[in-house]
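These notes concern the structure reproduced below.
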Amino acid sequence: MNMTHTSLRHLCLVLAALLLTPPGRAAQPADDDSNLPETLRRGYVGPIVGPADNSAYAHGTLGLIRPSYGRASLFVAWRVMHQPVGALARESHRRQGDWLHSGPVPAAGEDEIAAWLQARGTLTQQPPTVKPDYFRRGKLKVSGFGEIDVETGQCGPDAYAFATRTLRELGDDASLKDADRRTWIVGQDAVFARCAWTPGKTPAPPLPAPLPAGAPAKLKALYAYQHAAALFYGDDFTAARQEFDTIAAVPGHPMRAWATLGAVRCLVRDAEWDAAVDDAWTKRQLRGAAFNAAVAEPAARHNARIGAALKEFDIRAKAASADATLAPVHSAISYTARRALLQLAPAIPLRLAMNALDRADYNPYTMGALDLFQELYPRVSPDRPDGGLATALRQHAWFDFVATVQACADVSKASGTAVCDGEHAHAIERWQDTKDNAWLLATLMTARQPSAADVPAADAARAVAADRPEWTSLQLYAARVLRTQGRVADARAALDALAASTVVHKRDRALLEAKRNAL
Amino acid sequence: MSEPHARRRRVPPATACVVTGIVLLAAGLLAHVVRHRVPEGARGPASSAEVAASLTHGVAWIWPDSNGPRAAHGDASPYREAAVLVESLMLRAGGIEHGGRTQPLALPAGVRLVPVVHLEAAEDAPAEFTPAQRDAIVAAVRRQGGTAAAGAGLLQLDFEAPARQRDAYRKLVATVREALPAGVRLSVTVLAHWCAQGDWLDRLPVDEVVPMLYRLGPHADDWRRRFAQDDAGLARRCRGPALGFATNDPPPAALIARAARPYWFDEAAWSNPSRPPRHLVP
């Protein structure tokens with residue numbers, strides 16, 4: 001995996017430790033699969049991308065595993081196969097938190113704009129000139145039709161919540177007068193006036209008006225931040241970043257940590273990069289290698305900027321964490337660091353999630369590690385990774401198993417058969433090295449055209465104890481090998497045993513019958 | 001004109017009664033056999049050609065990550081209408097997340113547009129919508145009402161309302177109906193099993209109900225058979241001309257043929273993504 005930003009290693013280790021630590025809360029009953037990844041939820045089975053009974057599957061009843069299962073389902077199979085029989089039968093799948101929050105997800109409170117207006121109303125009866133809003137109205141071009149009115153998010157709830165919190169802090173600051181606080185509110189109104197502004201037709205609402213020279217120093221410091229924020233919400237990310245950087249460079253500035261975050265957020269809204277992608281993908285309709293070539297240079301600049309920003313952020317986050325006087329904002333800084341990583345460097349939290357999933361005894365549901373993997377994987381890798389990325393990802397044994405088995409999900413094309421056969425050879429090697437039942441299963445599942453070399457695996461599968469969760473699948477795929485190698489009676493015995501088993505879901509009975517009838 | 005009549009044989013009434021009875025019995029048996037012994041070929045999934053043929057007179061669901069089905073060079077449009085997800089609202093315990101299409105879209109000539117307002121309820125969303133949530137939904141519908149009027153004259157509400165929000169959903173549909181401009185019809189997508197839960201769908205003030213016949217789970221074949229056979233146990237509105245299918249999970253051709261107004265969804269974004277794959281965008 002091309003995971004740069006090695007300077008962030010320390011931060012990652014800390015975050016990894018937090019990821020692995022579920023909050024100290026009593027486990028909930030294991031009767032709810034609503035927190036399972038989508039591919040494990042009931043009903044998400046057409047075409048077959050998951051097991052017939054997701055809950056039973058995740059609790060250890062694997063039934064017949066197919067190569068067409070999604071990554072999450074195959075991970076769960078791997079995990080179940082590396083547990084003692086029945087170990088997961090009563091495991092809780094109740095979500096208790098997530099990586100981003102490093103614990104329970106905060107309960108939703110009242111609407112953030114309403115809270116802001118209420119806090120604001122304690123100091124001024126004058127309503128804001130422009131009604132605060134989360135959204136910006138715009139037009140979507142549809143050739144062949146015209147334009148469609150749309151809304152897009154511009155100012156998140158966090159922005160209003162932050163303003164409310166800041167105003168409350170100003171209320172506690174004895175160095176300020178109510179007139180100062182009202183001045184700050186006027187500046188903040190100017191910031192939020194830009195939330196609903198749509199670029200193009202009218203000029204952006206005015207920036208916060210400069211303060212008088214004699215204004216208190218703290219008010220001036222807060223004004224500088226408001227000015228940068230107003231530039232940001234007016235889509236002038238270059239100017240906003242410069243101002244955020246200026247603030248962040250001032251030791252002791254009350255908004256220093258937040259300005260660092262603001263600078264990072266400017267990078268996420270990188271206008272140059274967005275324009276390059278839009279030009280190459282939408283306007284010039286470039287695809288594949290042509291697209292990659294067209295965006296290579298702006299991508300390199302974008303990555304360099306993000307790398308530098310994350311490095312700087314890491315330095316400041318560490319300094320803040322080491323500063324006991326900043327203890328009240330430590331958790332906020334940690335949260336901000338995580339958000340920055342999720343947005344700007346998904347490969348890092350992906351690696352953390354995959355590391356956590358390496359441990360078969362780690363509950364992948366409680367803190368959402370499996371969901372995090374599912375969310376981030378498509379942002380880092382194509383469905384089937386190759387080259388150095390594949391090498392890095394496949395160092396995780398479970399992912400190696402997933403990639404191996406999935407290679408044989410679609411062998412309708414010649415290229416598919418070649419990939420499947422290559423993975424079959426890999427599976428045999430892994431099984432012979434490890435004597436692991438998961439690799440035994442992978443060997444048999446990938447035996448597209450079984451040969452005599454597969455017979456030892458088939459015999460080994462027949463010898464596996466019937467109470468093992470993988471026994472069912474092993475018998476099915478072993479029967480295919482035995483049948484093609486002329487051992488029809490053994491194949492029949494395997495399928496008959498399966499037919500008599502209660503763990504084969506009724507969805508899979510038809511497949512089983514077809515296999516038996518084919519003998 | 002009189003010749004055929006003159007050539008009819010006169011049949012004694014008792015014989016006619018017996019013959020009629022036999023014919024009716026035979027017809028009934030035949031109908032039963034036809035219903036329950038669908039030929040193997042008709043049970044399997046439709047071919048790609050059959051899917052494409054259905055789409056040419058149907059509606060393509062186009063989600064924000066897609067630019068919709070592409071016509072072969074010089075060919076006519078591969079679909080008749082485009083149901084475009086333009087606004088999406090995630091309803092949460094304490095608020096709403098707003099999303100939807102941001103990428104421009106090009107529709108083939110002659111294709112009519114159906115704006116889709118997509119709703120999702122988060123796990124913590126309350127059983128009743130908050131006033132702010134209701135207002136946001138109605139505002140989205142009003143915004144898109146004009147789009148619908150200029151397009152196919154139809155707006156679609158796509159909401160797999162969880163069971164706890166069933167009452168709220170019914171009220172919402174009525175509110176949405178009132179919010180639409182006169183002349184704009186209202187379509188709703190529904191989960192297949194809703195169709196087997198009494199007649200509540202029949203009482204919805206909508207013009208079109210689109211049962212989604214994909215991702216049906218372990219009992220997919222049963223569900224499809226019921227819809228193909230116009231099972232009387234299904235709500236009347238679910239037995240209309242509109243049915244929703246997915247290209248990667250195509251139903252048997254017989255069921256496709258039942259849909260005079262097929263909607264098609266493509267999980268692979270019609271192989272025509274509106275944005276680069278996310279892993280290509282650093």
Side-chain angles (χ1 to χ4, degrees), chain A residues 34-35 42-47 52-53 95 105 107-112 114 134-135 137-138 140-153 157 273 277-278 280-282 287 291-292 295 299-300 302-303 306 344-346 377-383 385 389 505-508 510, chain B residues 45 67 77 82 84 86-87 92-113 115 122-124 130 132 136 139-140 142-144 146-147 150-151 191 193 213-221 246 248-249 267 273-282:
Chain A
S34 56
N35 279 322
R42 261 187 289 278
Y44 195 89
V45 290
D53 184 337
R95 174 70 75 81
V105 177
E110 64 177 320
D111 178 74
E112 285 80 0
Y134 299 117
F135 305 109
R137 277 82 197 165
L140 179 72
K141 285 185 184 167
V142 179
S143 340
F145 177 79
E147 288 187 329
I148 296 177
D149 292 322
V150 290
E151 277 193 342
T152 49
W273 169 242
V277 171
D278 185 52
W281 187 267
T282 306
R287 297 293 185 266
F291 171 78
N292 290 343
V295 299
H302 183 73
N303 282 338
I306 284 178
L344 299 172
Y377 181 86
R379 293 178 55 195
V380 172
S381 171
D383 270 351
L389 179 62
H505 193 273
K506 68 178 179 180
R507 182 191 74 178
D508 298 328
Chain B
N67 283 332
S77 170
V84 181
V86 285
E87 299 215 32
R92 297 197 176 277
I96 312 149
E97 281 174 22
H98 206 139
R101 191 173 188 96
T102 54
Q103 302 297 109
L105 176 66
L107 295 179
V111 167
R112 301 197 306 164
L113 190 146
E123 197 187 343
D124 58 359
T130 66
R142 288 211 169 105
R143 256 192 312 279
Q144 302 310 327
T147 307
L191 295 170
H193 69 265
L213 302 183
Y214 50 95
R215 292 188 190 174
L216 292 170
H219 306 293
D221 289 344
N248 62 338
D249 185 20
E267 292 204 344
S274 60
R275 294 177 279 235
R278 288 195 290 167
H279 69 274
L280 291 181
V281 181

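Computed from heavy atoms alone, side chains included, the values below leave out hydrogens, waters and symmetry copies. Letters go in sequence order (proteins before strands), and every chain restarts at 1. As the structure is a prediction and not an experimental result, all values here were calculated from the model.
- With sequence neighbours excluded, the residues satisfying ring-ring contact (aromatic ring centres under 6.0 Å, His included) with A:F291 are A:W281.
- In terms of heavy-atom proximity, B:H279 sits nearest to A:S381 at CB-N, 3.4 Å.
- Closest heavy-atom contact between A:V277 and B:P276: CG1-CG, 3.6 Å.
- With a 4.5 Å cut-off on non-hydrogen atoms, B:Q144 touches chain A through its side chain but not through its backbone.
- Here A:T152 contributes atom OG1 and B:E87 contributes atom CD; the two are 10.0 Å apart, rounded to the nearest 0.5 Å.
- Residues B:L105 and A:I148 are not in side-chain contact: their nearest non-hydrogen atoms beyond the backbone lie 4.5 Å or more apart.
- With a 4.5 angstrom heavy-atom cutoff, B:A150 touches chain A via backbone and side-chain atoms both.
- Contacts between B:P273 and chain A at a heavy-atom distance below 4.5 Å involve backbone atoms as well as side-chain atoms.
- Sorted by first and then second residue, the pairs that involve residues 141-150 of chain A and meet side chain to side chain donor-acceptor pair (under 3.5 Å), not counting sequence neighbours, are A:K139-A:D149.
- Of all the heavy atoms in A:F145 and B:T147, the pair that sits closest is CZ-O, 3.4 Å.
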- request: For side-chain contact (heavy atoms from CB on, under 4.5 Å), just list the numbers for A:T282 and B:Q103, CA-CA rounded to whole Å, side-chain angles, deciding distance to a tenth of an Å, and then say yes or no.
  value: CA-CA 8 Å; A:T282 306; B:Q103 302 297 109; 3.8 Å; yes
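- Only the backbone of B:S274 comes within contact range of chain A, with heavy atoms under 4.5 Å apart.
- Closest approach of B:L113 and A:V142 over heavy atoms only: CD1-CG1, 4.0 Å.
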